[in-house]
Amino acid sequence: AWTSREAPHQLAVVDVATKKLVVPPTVRASGTVSKWSPDSRMIAVSDVIRGTQRVMLYTVSVPEAQVTVLDSVDVLEAHDFSWSPNGKWLAYSRPTELDASGEIILAADLWIAKAESGETWSLIETPDLVETNPLWITDQAFQLDRHRMGSEAEIRQTLVADLSSRGTK
């Protein structure tokens, strides 16, 4: 649930079967984009911080309500992100270059986050490309879209991630 009279713009989780509050509304969020992990132990949220031009990507553990901030950037657009099938990883698109207005993304790289620890790193650095829409196929492989700003052509690529050495094949 995202809003209530008592706690506007806060995240709360309710167990539908028992109708009990599992995560109390203590996490401030407007819920721009949220996705449950495959094992239902976490919720990943990409959220524009109210009153700013900043967006955060974070996880909330259930039922502990432990918040782990994964990323924070100055852009008014939610992160594109995807859970790995085993729920251990998040792949996400991180803007690296904006136009003069700060509203148009000129370049974005693919980043990986370890869901449990919050550790993040750049998996692919391509300063002249916008990489978006990561979609995990297996726990080691995902697809993403790539394009150059000003180009109509998008390329859909499948990459195999070697997460042990922080690289791709």
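As the structure is a computational prediction, the values presented were derived from the model and not from experiment.
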**Prompt:** For the residue pair S72 and M56, what are the closest heavy atoms and their distance?
**Reply:** OG-CG, 3.7 Å
**Message:** Let me check something: do V69 and I43 share a hydrophobic cluster, defined by ILVMFWY side-chain heavy atoms less than 4.5 Å apart, either directly or through other members?
**Reply:** yes
**Prompt:** Is the closest side-chain heavy-atom distance between L123 and F142 below 4.5 Å?
**Reply:** yes
**Asked** How long is the span from the OG atom in S84 to the CG atom in L135, to the nearest 0.5 Å?
**Response** 11.5 Å
**Asked** Short question: side chain of S61, backbone of Q66 - any donor-acceptor pair under 3.5 Å?
**Response** yes
**Message:** As an exercise, state the distance from OG1 of T59 to CG of L90, rounded to the nearest 0.5 Å.
**Reply:** 7.5 Å
**Interatomic spacing from OG in S37 to CH2 in W89 - rounded to 0.5 Å** = 15.0 Å
**Message:** When you measure from the side chain of W83 to the backbone of K35, do you find a donor-acceptor pair of N or O atoms at a distance under 3.5 Å?
**Reply:** yes
**Complete:** To the nearest 0.5 Å, atom OG1 of T132 lies from atom OH of Y92 at 15.5 Å
**Asked** What distance do L57 atom CG and D80 atom CG have between them, rounded to the nearest 0.5 Å?
**Response** 10.5 Å
**Message:** One pair to check against side chain to side chain contact (heavy atoms under 4.5 Å, CB included): F81 and S46. What are the steps and the verdict?
**Reply:** CA-CA 8 Å; F81 66 92; S46 182; 3.7 Å; yes
**Request:** Please confirm whether the backbone N or O of N86 pairs with a side-chain atom of D139, one donor and one acceptor, at under 3.5 Å?
**Result:** yes
**Prompt:** Can you get from I137 to L144 by hopping between Ile, Leu, Val, Met, Phe, Trp and Tyr side chains that sit under 4.5 Å apart?
**Reply:** no
**Message:** Keeping E131 on the side-chain end and L110 on the backbone end, is there a donor-acceptor pair under 3.5 Å?
**Reply:** yes
**Minimum heavy-atom distance S82-P134, with the two atoms named** = CB-O, 3.0 Å
**Nearest-0.5 Å distance that lies between atom OG1 in T126 and atom CZ in R146** = 5.0 Å
**Item:** Side-chain touch M42/V62, heavy atoms, less than 4.5 angstrom
**Value:** no
**Asked** Does any N or O in the side chain of K88 come within less than 3.5 Å of the main-chain N or O of E116, such that one atom is a donor and the other an acceptor?
**Response** no
